[in-house]
Amino acid sequence: MSDHAADPATEVFVAHRNLLFTVAYEMLGSAADAEDVLQETWLRWAAVDPAQVREPRAYLVRITTRQALNRLRTLARRKEAYVGPWLPEPLLTAPDVARDVELAESVSMAVMLVLETLSPNERVVFVLREVFDVGYEEIAAAIDKSPAAVRQIAHRARRHVDARRPREVVTAGEGRAVVESFRRALDGGGLQGLLDVLAPEVVLVSDGGGIRQAAVRPVRGADKVARFMAGGLGKNRLPLTVGLTAVNGSPALVVHLAGELDGVMAVRVEGSRIVGLYYVRNPEKLSRVTSETPLTLR
């Protein structure tokens, strides 16, 4: 243990760091940008006297929200120039995230993609209100809107998300069993094995960021997805290994080619079939899949 105790400002910030990262990540879908937001939050927090702040958690969330809202607008411009589909940055998560159903759903790739369809204000309000249960008055102070306006934004965002979020949430065990069946089918290379586990309406979205090869548009339908997977991974001349992992609170697959990390495939399961595959190959988005990222709603 260090001889020098951390100063009060640092202790408070460290105590809330995981929460602040989760807030920023859910607003941005990017761990790298969430870390930048936390750095900006820290600089502003370090400039105030903690003794003068009545509710440090609320104050820190407010700063984080303002920084994230600013960055959301920058991200929107960056995504317009992005090559191919844009997927959220996957995070390797600990088992306790999967056990927290509310947290696991809120950071799932499927829900994160729904959040991408919201306006910046809608996304921020939805995340704070629906995920972190922040009061309307507090949200209003964070985004410089009236509480009445925030209520309207929250209602609009909730209706939008509810219409697009996954219809049913399977347990971690059920999802893992389906993903394991998919992994075996990929290992075996058989087209029928893939078709057996894919829902007829399955959609595959792949993100190479213009750095690695990926489908420039979503691939739709079990037959097309199975042939895409069999043709892309199954016929690769390099040694292929596909392992089970957990990203964003859900079972997923990690793909290595010739021992090198090729990508991570998040999986959306409904019933006993896969309805969504989200394959992130962009190496700039794979820095958080080798060590766990702690997430929390509290």
Side-chain angles (χ1 to χ4, degrees), residues 28-32 75 78-92 107-117 164 166 175 178-179 181-187 189 191 193-195 197-258 260-270 273-290:
L28 301 170
S30 163
L75 268 176
R78 199 190 308 166
K79 288 171 189 172
E80 287 175 2
Y82 199 78
V83 178
W86 187 96
L87 288 173
E89 186 175 350
L91 308 178
L92 181 69
V107 297
S108 70
M109 196 66 74
V111 169
M112 293 290 285
L113 280 171
V114 174
L115 296 183
E116 286 295 319
T117 64
R164 292 162 178 80
V178 174
V179 175
S181 295
F182 184 55
R183 186 196 67 78
R184 288 196 301 269
L186 285 174
D187 270 350
L191 198 61
L194 293 171
L195 290 171
V197 77
L198 297 174
E201 71 277 17
V202 64
V203 178
L204 164 69
V205 182
S206 54
D207 177 347
I211 301 171
R212 286 188 176 163
Q213 188 174 0
V216 294
R217 296 180 185 84
V219 181
R220 301 178 184 277
D223 187 66
K224 288 182 179 179
V225 170
R227 292 183 187 280
F228 181 90
M229 299 302 297
L233 293 178
K235 293 182 180 177
N236 198 295
R237 295 180 181 179
L238 297 173
L240 169 74
T241 57
V242 183
L244 199 60
T245 187
V247 298
N248 292 56
S250 302
L253 296 175
V254 58
V255 179
H256 288 83
L257 290 176
E260 295 292 325
L261 177 63
D262 180 75
V264 169
M265 197 178 304
V267 181
R268 175 179 163 189
V269 176
E270 289 186 6
R273 296 286 187 93
I274 292 172
V275 297
L277 289 166
Y278 313 102
Y279 193 16
V280 180
R281 297 193 71 212
N282 183 348
E284 294 178 355
K285 293 185 177 182
L286 297 175
S287 64
R288 291 292 187 120
V289 297
T290 54

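As the structure is a prediction and not an experimental result, all values here were calculated from the model.
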Residues in side chain to side chain donor-acceptor pair (under 3.5 Å) contact with [X], at least two apart in sequence or another chain:
{"X": "Arg220", "value": "none"}
{"X": "Arg183", "value": "Glu180, Asp187"}
{"X": "Arg268", "value": "Glu270"}
{"X": "Gln213", "value": "none"}

Test salt bridge (charged side-chain N to carboxylate O under 4.0 Å, His left out) applied to [X] - qualifying residues, sequence neighbours left out:
{"X": "Glu284", "result": "none"}
{"X": "Lys224", "result": "none"}
{"X": "Arg78", "result": "Asp33"}

* Give the intermediate values and the outcome of side-chain contact (heavy atoms from CB on, under 4.5 Å) for residues Val254 and Val242. => CA-CA 6 Å; Val254 58; Val242 183; over 6 Å; no
What is the minimum heavy-atom distance between [X] and [Y], and which atoms define it?
{"X": "Ala230", "Y": "Leu191", "answer": "CB-CD1, 4.2 Å"}
{"X": "Gly29", "Y": "Met112", "answer": "CA-CE, 3.5 Å"}
{"X": "Gly208", "Y": "Ala214", "answer": "N-CB, 3.5 Å"}
{"X": "Gly209", "Y": "Tyr82", "answer": "CA-OH, 3.2 Å"}
{"X": "Met109", "Y": "Pro90", "answer": "CE-CB, 4.2 Å"}
{"X": "Gly263", "Y": "Leu286", "answer": "CA-CD1, 4.0 Å"}

Run the side-chain contact (heavy atoms from CB on, under 4.5 Å) test against [X] and tell me which residues pass, sequence neighbours left out.
{"X": "Ser181", "result": "Arg184, Val197"}
{"X": "Arg164", "result": "Val114, Thr117, His160"}
{"X": "Val205", "result": "Pro85, Leu87, Val203, Pro218, Tyr278"}
{"X": "Val225", "result": "Leu198, Val202, Leu204, Val219, Met229, Leu277"}

Reported [atom1]-to-[atom2] distance for the pair [X] and [Y], which is rounded to 0.5 angstrom:
{"X": "Leu240", "Y": "Asp262", "atom1": "CG", "atom2": "CG", "answer": "8.0 Å"}
{"X": "Leu28", "Y": "Glu116", "atom1": "CG", "atom2": "CD", "answer": "9.0 Å"}
{"X": "Ile274", "Y": "Phe182", "atom1": "CD1", "atom2": "CZ", "answer": "5.0 Å"}

* To do: Please report the C-alpha distance between Val289 and Leu261 in whole Å, then the side-chain angles of each, then the deciding distance to 0.1 Å, and finally whether the side-chain contact (heavy atoms from CB on, under 4.5 Å) criterion is met.
  => CA-CA 10 Å; Val289 297; Leu261 177 63; 3.7 Å; yes
* Compare all side-chain heavy atoms of Thr290 with those of Leu92 and state whether any distance is below 4.5 angstrom. =>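 SC-SC contact between Thr290 and Leu92 ruled out.
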* Asked: Any side-chain heavy atom of Glu89 within less than 4.5 Å of one from Val280?
  ->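 With C-beta onward as the side chain, the pair stays apart.
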* Using side chain to side chain donor-acceptor pair (under 3.5 Å) as the criterion, point out the one residue from Lys285, Arg212, Arg281 that pairs with Asp207. =>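 Output: one option passes, namely Lys285.
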* **Heavy-atom donor-acceptor pair, Ser206 side chain to Tyr279 backbone, under 3.5 Å** =>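 Checked: no pair found.
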* **Pairs touching residues 245-256 that satisfy side-chain hydrogen bond (donor to acceptor under 3.5 Å, both in side chains), sequence neighbours left out** =>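 Sorted pair list: Tyr25-Asn248.
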